[in-house]
Amino acid sequence: MTRTHRRGVTTRRLLIGVASMAVASAGLLVPVHSASADAHPWMNQDQPPEERANDLLKEMTLEEKVHMLHGVEQLESPIPTVGYLPPIPRLKVPGITMTDGPAGVRDSNSVDNQDRATALPSPSALAASFDTELAEEHGSVLGSEARALGQAQVFAPGHNIQRVPANGRNFEYYSEDPYLSGTLAGASTRGIQGQGVIATLKHYAANNQETDRMTGSSEIDDRTLHEIYEKNFDVAIADGKPGSVMCSYNKINSVHACENNETLGDLRSKLGFDGYVVSDYPATHSTRSVKAGLNVELPTGVHATLPKVQSALNDGSITMHDVDTRVRETLTTLFRFGMFDRDPMARGQIDEGKDSAAARRIAAESAVLMKNDDAALPLSSSTDSIAVIGGPAKQTAIGGGSSAVKPLSMDNAYDAIAGRAGSSTKVSYADGADRRKAAEEAKNAETAVVFVKDEAKEGEDRKNLSLPGNQDALVNAVAEANPNTVVVLQTGAPVLMPWLPKVKSVLQTWYPGARGGAATAQLLWGDVNPGGKLPQTWPKADEQTPVSTQEQFPGVDGKSRYTEGVYVGYRWYDKENQAPLFPFGHGLSYTAGFSYQDLKLEKPSGGPDDPVTVSFKLTNAGERAGAEVPQLYVGKPDTKAQPPPKELGAFTKVHLERGETKTVTLKVDPRELSYWDSEAKDYRVQSGEYGISIGGSSRWLPLHGTYHVK
Ligand code: BGC
């Protein structure tokens with residue numbers, strides 16, 4: 001939506017008046033309300049949210065209930081926003097403003113783009129930190145800025161599974177692994193909601209491609225749906241208690257996600273969600289959604305309008321109980337977040353200095369050193385000349401679509417490198433448009449640092465995994481001219497690297513946000529030691545993917561068949577015994593190597609509800625301080641359904657001084673031992689032997705143990 005919001009000019013319609021006309025024309029009766037203006041028992045803050053919601057619900061007319069079931073045009077909001085649920089002044093129900101998104105607060109419709117915010121590193125970057133505290137901080141910057149801009153709710157975090165490597169929105173999501181995705185989304189949710197802003201987990205569920213995004217169906221077997229595509233939401237809901245979930249555009253097994261009884265039913269009954277569901281823009285297709293579990297149709301009311309709700313009540317396709325339940329769920333959440341007790345649209349100040357410092361720290365902690373031959377990095381103070389090549393060095397890449405932020409400010413890597421290099425190092429620049437000139441600059445320098453990017457955006461998938469344009473040729477030309485070539489990637493997701501053997505180092509900085517330049521310079525000189533790990537597998541070729549047939553992706557006749565089952569990402573590479581370009585969990589450090597020793601299981605066996613606790617010694621054997629991400633993988637015994645060879649069950653991030661040893665303890669939740677039993681329609685933990693493997697990447701696991709479930 002592109003219209004500009006004129007602040008101060010409120011075009012809010014007289015909602016009750018308009019709705020009353022609709023009622024009158026439908027020949028229906030609206031109860032006359034008799035409560036006195038000051039009789040608002042639900043405004044008593046001492047009552048629990050559930051009671052306040054019930055008290056309020058009793059006072060509501062059908063018209064007012066339906067008012068809560070859908071949003072209205074953004075321009076009806078008194079402040080710029082992306083989604084708006086208007087107030088009911090008679091009942092003191094506040095207006096609720098909602099905006100995107102996962103990489104910082106989106107400014108939609110403000111005059112002259114006044115509502116700028118901090119461009120945060122992309123969620124795919126954050127995931128590479130494997131750091132829940134950092135994810136909470138990312139969320140907390142997002143939440144505090146949303147609050148300062150008068151937004152009651154943000155449409156974040158987004159955490160769909162990166163099933164298709166070419167998905168145009170992978171930069172907005174975390175990982176191919178549901179446990180990693182859910183854990184980070186849960187932490188981000190805690191950060192957002194810690195600021196009093198409602199977080200929205202999206203997009204529920206199995207919204208894994210942009211091709212045919214509004215019409216396509218994800219055709220998934222029952223076990224895979226639960227073990228992979230609901231699992232990430234399960235973990236995030238348990239860890240983060242989000243106030244809201246957004247149902248997705250796609251169909252799931254041929255039923256629209258926003259009216260899917262099965263998935264929306266699971267959301268509350270199995271995943272323990274107790275907030276309200278909003279629809280994507282627009283993903284509502286019928287009034288039946290109210291029965292299935294959709295609380296708020298967005299952006300505006302098409303199906304959850306008074307005449308349509310009334311007629312669905314008349315023909316019995318929904319009941320008054322359904323309407324009351326949906327409204328009660330929304331109201332309870334709004335009470336829980338104190339929205340009735342403050343002005344949700346009150347605006348404050350963004351602390352740009354503080355938030356951009358956080359953006360820089362997150363970018364630095366999220367970078368992944370993918371390759372570093374001959375310790376070409378870090379650069380040293382004695383480097384006499386550096387050729388910086390490629391446009392992204394002067395203009396940092398960001399992802400496009402609803403998550404794009406109008407940044408308060410952006411730095412760039414070239415300036416940061418020139419600043420860090422100091423006067424004794426010559427820094428030159430070529431934008432790379434002319435390959436010969438770029439090669440010439442590279443040849444004349446001691447080290448060439450070449451920046452490349454992809455341009456992923458919502459609404460379309462990448463055509464293939466190659467870097468767009470002539471960037472591969474540029475890297476080749478530079479690497480041929482200078483044996484000391486370092487590649488800095490600014491990509492939201494995996495790309496192919498045909499030039500990999502020719503370059504010394506590759507540093508993946510993702511879409512690094514407002515202070516990506518400063519973070520990159522810190523990493524290149526080793527002021528920050530890279531500690532990120534890949535949250536997804538990097539394939540060698542377009543064809544090396546679990547979803548290589550047309551039927552699987554993009555689908556045939558509007559159906560994408562998930563025939564790979566639970567074998568998404570590394571689960572497939574493991575099963576097929578294939579070597580990717582870089583495995584899930586891979587990431588190097590400037591320190592010489594971390595060593596893992598002395599695995600101890602707290603108990604060798606336990607029951608199906610017991611967690612598994614293990615400890616081991618981790619040593620930083622190198623000469624520099626650095627961070628390592630120990631990853632624990634579980635190998636389940638054979639169940640009725642064949643389990644993947646191994647699955648991530650726990651991880652942590654450990655900072656170690658040089659030479660330091662720490663004892664690390666990891667706890668595996670029994671949920672990570674379970675599988676979905678389609679007959680019993682529940683998660684089960686099978687008795688038998690569980691393999692426990694621990695190490696620094698999914699393909700480097702020096703510690704092994706066995707745990708027995710009785
Ligand atoms: C996107 C959502 C976003 C919404 C509102 C939709 O097109 O899929 O992620 O929250 O727009 O901007």
Side-chain angles (χ1 to χ4, degrees), residues 15-16 19 30-71 78 83-98 143-144 146-147 150-154 189-201 237-245 267-269 271-278 290 293-296 304 309 319-346 348:
L15 189 122
I16 299 297
V30 179
V32 177
H33 198 80
S34 60
S36 70
D38 52 357
H40 297 119
W42 55 89
M43 294 306 287
N44 178 356
Q45 297 183 30
D46 297 334
Q47 297 298 319
E50 296 74 14
E51 253 173 62
R52 296 176 75 181
N54 277 327
D55 284 345
L56 171 52
L57 193 64
K58 274 187 242 152
E59 285 299 319
M60 287 181 130
T61 63
L62 175 62
E63 184 183 347
E64 286 162 343
K65 290 175 186 173
V66 172
H67 175 111
M68 298 302 296
L69 294 178
H70 65 85
Y84 188 51
L85 194 54
I88 308 177
R90 181 182 86 81
L91 300 174
K92 298 191 184 291
V93 177
I96 298 297
T97 39
M98 312 167 175
S144 70
R147 184 133 183 197
Q151 307 298 325
Q153 175 169 356
V154 287
T189 299
R190 291 197 298 275
I192 295 167
Q193 297 191 161
Q195 301 297 322
V197 170
I198 298 171
T200 316
L201 280 185
I237 289 165
D239 288 6
K241 299 226 157 305
S244 191
V245 163
L267 187 63
R268 292 182 190 279
S269 68
L271 279 51
F273 175 67
D274 63 358
Y276 57 93
V277 178
V278 300
V290 175
L294 174 68
N295 301 77
V296 182
V309 166
T319 63
M320 204 52 219
H321 175 75
D322 297 326
V323 172
D324 283 349
T325 306
R326 295 293 90 87
V327 175
R328 187 184 297 109
E329 287 158 350
T330 305
L331 293 175
T332 305
T333 309
L334 298 182
F335 281 116
R336 173 151 80 90
F337 281 84
M339 296 299 174
F340 282 73
D341 311 324
R342 64 176 175 96
D343 173 6
M345 280 180 254

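Below, all heavy atoms of this structure are taken into account, side chains as well, without hydrogens, waters or symmetry copies. Residue numbers count from 1 along this sequence.
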Would you indicate whether the side-chain heavy atoms of [Y] and [X] approach each other to under 4.5 Å?
X	Y	answer
Leu331	Met60	yes
Val154	Ile198	no
Glu64	Val66	no
Asp55	His40	no
Val327	Leu57	yes
Val309	Val323	yes
Tyr276	Val245	no
Pro344	Pro94	yes

Could I get the full list of side-chain contact (heavy atoms from CB on, under 4.5 Å) partners for [X], not counting sequence neighbours?
X	result
Asp322	Val290, Lys291, Ile318, Thr319
Asn44	Asp46, Gln47
Ala304	Leu69, His70, Glu297
Thr97	Ser77, Ile79, Thr81, Tyr84, Gln151, Ala152, Met345

Atom pair [atom1] ([X]) and [atom2] ([Y]), whose distance is rounded to the nearest 0.5 Å:
X	Y	atom1	atom2	value
Lys241	Thr333	NZ	OG1	12.0 Å
Thr330	Ile96	OG1	CD1	10.0 Å
Ile192	Arg190	CD1	CZ	11.5 Å
Met43	Leu56	CE	CG	9.5 Å

How would you list, by chain and number, every residue that makes a salt bridge (Lys or Arg N to Asp or Glu O under 4.0 Å) with Arg147, sequence neighbours excluded?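 Applying salt bridge (Lys or Arg N to Asp or Glu O under 4.0 Å) to Arg147 gives none.
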Apply salt bridge (Lys or Arg N to Asp or Glu O under 4.0 Å) to Arg328 and list each qualifying residue two or more places apart in sequence or on a separate chain.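 Scan of Arg328 (salt bridge (Lys or Arg N to Asp or Glu O under 4.0 Å), adjacent residues dropped) gives none.
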What pairs with Phe273 under ring-ring contact (aromatic ring centres under 6.0 Å, His included), at least two apart in sequence or on another chain?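 Residues passing ring-ring contact (aromatic ring centres under 6.0 Å, His included) with Phe273: none at all.
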For Phe337, give me all partners under ring-ring contact (aromatic ring centres under 6.0 Å, His included), at least two apart in sequence or on another chain.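 Here no residue qualifies.
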Closest non-hydrogen atom pair, Gly71 against Val296: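 Closest heavy-atom pair between Gly71 and Val296: N-CG1, 4.1 Å.
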Between Gly240 and Thr189, what is the shortest heavy-atom contact and its length?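 For Gly240 versus Thr189, the nearest heavy atoms are O-CG2, 3.3 Å.
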With sequence neighbours excluded, give me every salt bridge (charged side-chain N to carboxylate O under 4.0 Å, His left out) pair touching residues 329-343.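 Residue pairs passing salt bridge (charged side-chain N to carboxylate O under 4.0 Å, His left out), neighbours aside: Arg52-Asp341, Arg268-Glu329, Asp274-Arg336, Arg326-Glu329.
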Side chain to side chain contact (heavy atoms under 4.5 Å, CB included) between Asn295 and Val278, intermediate numbers included: CA-CA 6 Å; Asn295 301 77; Val278 300; over 6 Å; no
Identify, with sequence neighbours excluded, every residue that meets side chain to side chain donor-acceptor pair (under 3.5 Å) alongside Lys65.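 Partners of Lys65 by the side chain to side chain donor-acceptor pair (under 3.5 Å) criterion, ordered by chain and then number, come out as Asp324.
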Who passes side chain to side chain donor-acceptor pair (under 3.5 Å) against Ser244, sequence neighbours left out?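 Expected list: Gln153.
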Check: Trp42 side chain, Leu91 main-chain N or O, donor-acceptor pair, under 3.5 Å: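 Pair found, side chain donor or acceptor close to backbone of Leu91.
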